[in-house]
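Here is the structure we will look at, set down as structure tokens.
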Protein chains: 2
Amino acid sequence: MSETGRSTRERILQAAGKLFYGEGIRAVSVDAVAEKAGLTKRTLYYHFRSKDDLIAAYLEVRDQPNLALFKRWFAEADGDVAAKVEAIFRNLARSTRHPKWKGCGFLRTSVELVNLPGHPAMVIGRAHKKRVEDWLCSVFEDAIGLREARQLARQVILLLDGAFAVVLLHRDPSYMEAAGAAAAHLVRGLMPTPRRSIKVAKVRRTVRPPDWLTHDRAFPPPSAQPMDRGTAAGSRARSAAP
Amino acid sequence: MSETGRSTRERILQAAGKLFYGEGIRAVSVDAVAEKAGLTKRTLYYHFRSKDDLIAAYLEVRDQPNLALFKRWFAEADGDVAAKVEAIFRNLARSTRHPKWKGCGFLRTSVELVNLPGHPAMVIGRAHKKRVEDWLCSVFEDAIGLREARQLARQVILLLDGAFAVVLLHRDPSYMEAAGAAAAHLVRGLMPTPRRSIKVAKVRRTVRPPDWLTHDRAFPPPSAQPMDRGTAAGSRARSAAP
DNA sequence: TTGTGTATATTCACTGGTTGGTATACATCG
DNA sequence: CGATGTATACCAACCAGTGAATATACACAA
């Protein structure tokens, strides 16, 4: 609670974030995190019950900023919904060119904990992906009809996570753009208004619902309060590694 | 290589396959593999130079059978190419319901070795995925005569690998079927023959030229340079880092 | 048949190092 | 004082990989 206490905890989280994301959770020892944070392992264990707790905290920290980034990219893009969705992929493609980019931390963690489905980090990862999907779904509901929105959101998510995996494997950002093109095509195939005029549509045309414009500008939180934080006594299996 | 030698090697590979796929390569020790194979660790090291060699061999074994399975599912399915592609996803969805299913071993290994791009297992994994993509590409070229076959094959691969990741995370096979529907929709959108409406694609446009693949964006990008098309072919092989 | 040489195949016991996690004590501060 | 942090030192378990000895198979000679 003290000032030094909070900053220490955040220093640990920052070090853990860099190391876990950069090298993988099993490849990083608690000692390495402590050393990077500039303190002793014992101090780390004062702030976090276990390595598993630290892993969960590492993902939890990244949850909201990640979704917020998607929303920002979507909001700042011009064009219709399809173009805005594609803009997310385009921004992501730019990110993947950074040498420190290592795919999606949530997916990678879920792979490393594949046999611990109840691990708190897995719960957080699933919740995060669901949150992105729900946000996309709400976006599509506003622009299209209800029924296909869920399926469409899922398919965009599939392309997104597929691109994370494939670009990480091949280290070729063009896959991310191919995914964006596919996503835009899927969205456009379900859009009600025939987009014949290519030129005028720079800014959203005022289609029927006048409220969706305002609704689009101000993004409502997908759900009031997230995070069923808890099950702190998880204490699942150990993560051993060379 | 006497008779016993080969069978011993295969016993090791079988044990390694079950353990590596079931629990992950970093979670499984060499001792565990040796014990499961019913021999000593020293014997294992007689047949394989190192654990990394064993990992590579584990993936190499699965390369051809995996692709052959896709080809079989494709060949045995009825309907047009889109339906045949969708059949792959449907068969895969059935596979994911098996409790021992743990996603794609190639992708999972690439995640665990994310910082060793020159690792032999990574090379094998990339080659495998490329092989599946090339096969799909040739299917689209031969059966439909598509010029955009390469891009289409990549997008189907993206949906495939995305489904592997997402189904593994949520343990919900319906994502695999959603991916299949999306893939079929993408394929069908490029098929030359007049198409009948099937399933998901309810709203159907009647535009002839499938120009969406050529990265046309229906709306002009705000700034001049939309995206820098990277080298479409050629995956850069980064030099190994220890 | 028996003996011997040689390459293959396998085992036991071990190394040096790392792992997640602790016991204990010391420090700082309201 | 007592609560909150931090540090030194330590643990038992586990890790990938190895040295030295041995067991087995087979080829060839006497």
Side-chain angles (χ1 to χ4, degrees), chain A residues 1-16 19-20 22-58 109 112-113 115-116 119-121 232-242, chain B residues 1-16 19-20 22-58 109 112-113 115-116 119-121 240-242:
Chain A
M1 316 265 192
S2 79
E3 197 55 39
T4 68
R6 187 153 60 194
S7 90
T8 300
R9 193 189 149 93
E10 283 180 5
R11 249 193 311 150
I12 297 174
L13 277 176
Q14 187 172 343
L19 289 175
F20 284 159
E23 308 178 24
I25 55 177
R26 302 193 102 119
V28 168
S29 68
V30 209
D31 300 76
V33 175
E35 186 186 355
K36 179 133 191 161
L39 36 81
T40 326
K41 183 167 56 169
R42 190 62 189 87
T43 303
L44 189 151
Y45 273 98
Y46 177 82
H47 292 273
F48 296 91
R49 206 164 329 191
S50 63
K51 185 182 183 182
D52 293 312
D53 259 31
L54 184 57
I55 296 168
Y58 142 68
T109 302
E112 297 204 66
L113 304 178
N115 266 345
L116 304 170
H119 193 290
S235 73
R236 278 291 172 180
R238 311 151 51 90
S239 18
Chain B
M1 304 15 173
S2 72
E3 195 56 36
T4 68
R6 188 156 61 192
S7 90
T8 299
R9 195 188 148 93
E10 284 181 5
R11 248 193 312 153
I12 297 174
L13 278 176
Q14 185 172 344
L19 289 175
F20 284 158
E23 307 178 24
I25 57 177
R26 301 193 102 119
V28 169
S29 70
V30 188
D31 299 77
V33 175
E35 187 186 354
K36 179 133 190 162
L39 34 82
T40 323
K41 180 168 57 170
R42 198 63 185 82
T43 303
L44 189 152
Y45 272 98
Y46 176 81
H47 292 272
F48 296 91
R49 198 173 320 158
S50 63
K51 185 183 182 182
D52 292 314
D53 259 32
L54 183 58
I55 296 167
Y58 142 67
T109 302
E112 296 205 66
L113 304 177
N115 267 343
L116 303 171
H119 194 289

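Values reported hereafter were calculated over all heavy atoms of this structure, with side chains retained and with hydrogens, waters and symmetry mates removed. In what follows, every chain begins at residue 1, and chains take the letters A, B, ... in the order their sequences are listed.
- Atom C1' of nucleotide dT10(C) and atom CZ of R9(B) are separated by 17 Å, given to the nearest angstrom.
- Within 4.0 Å (heavy atoms only), V28(B) reaches sugar-phosphate atoms of the nucleic acid but no base atom.
- For N115(A) (side chain) and G22(B) (main-chain N/O), a donor-acceptor pair under 3.5 Å exists by modelled atom type.
- Residue S50(A) has its side chain nearest to dG21(C) when only dT11(C), dT24(C), dG21(C) are considered.
- Spacing between atom CZ of R26(A) and atom P of dC14(D) amounts to 14 Å, rounded to whole angstrom units.
- In this structure, CD1 on I12(B) lies 7.5 Å from CG on L54(B), to the nearest 0.5 angstrom.
- Within 3.5 Å, no donor on the side chain of R42(B) pairs with an acceptor on the base of dG17(D), nor the reverse.
- Distance OH (Y45(B)) to P (dA9(C)): 19 Å, rounded to an integer number of Å.
- Across all strands shown, S29(A) has heavy atoms under 4.0 Å from sugar-phosphate atoms exclusively, and none from any base.
- In this structure, the CD1 atom of I55(A) is 13 Å from the C1' atom of dT19(C), given to the nearest Å.
- Taking every heavy atom of both residues into account, L19(A) and A32(A) meet most closely at CD1-O, 3.6 Å.
- In this structure, the nucleotide among dG17(D), dT24(C), dT8(C) sitting nearest to the side chain of Y46(B) is dT8(C).
- With dG21(C), dG20(C), dC12(C) as the choices, the nucleotide that has an atom nearest any side-chain atom of V30(A) turns out to be dG20(C).
- The distance between atom NZ of K41(B) and atom C1' of dA16(D), rounded to the nearest whole Å, is 6 Å.
- Straight-line distance from the CG atom of D31(B) to the P atom of dC12(C): 13 Å, rounded to whole Å.
- Side-chain N/O atoms of T43(A) include none lying less than 4.0 angstrom from OP1 or OP2 on dG5(D).
- Residue order along DNA chain C, read from the 5' end via each residue's closest nucleotide, puts L39(B) first among A32(A) and L39(B).
- For the OP1/OP2 pair of dA7(D) and a distance below 4.0 Å, the side-chain nitrogens and oxygens of T40(A) include at least one atom meeting the criterion.
- Although no hydrogens or angles enter the test, the distance criterion places a donor-acceptor pair under 3.5 Å between the side chain of E112(A) and the main chain of R26(A).
- Taking atom NZ on K51(A) and atom P on dT19(C), their separation rounds to 8 Å, with Å as the unit.
- Between F48(B) atom CZ and dT8(C) atom C1' the separation is 16 Å, expressed in whole Å.
- At dG5(D), none of the side-chain N or O atoms of T8(A) fall inside 4.0 Å of OP1 or OP2 (strictly under the cut-off).
- For H47(A), a side-chain nitrogen or oxygen approaches OP1 or OP2 of dT6(D) to under 4.0 Å.
- To the nearest 0.5 Å, atom OH of residue Y46(B) and atom OG1 of residue T8(B) are 10.5 Å apart.
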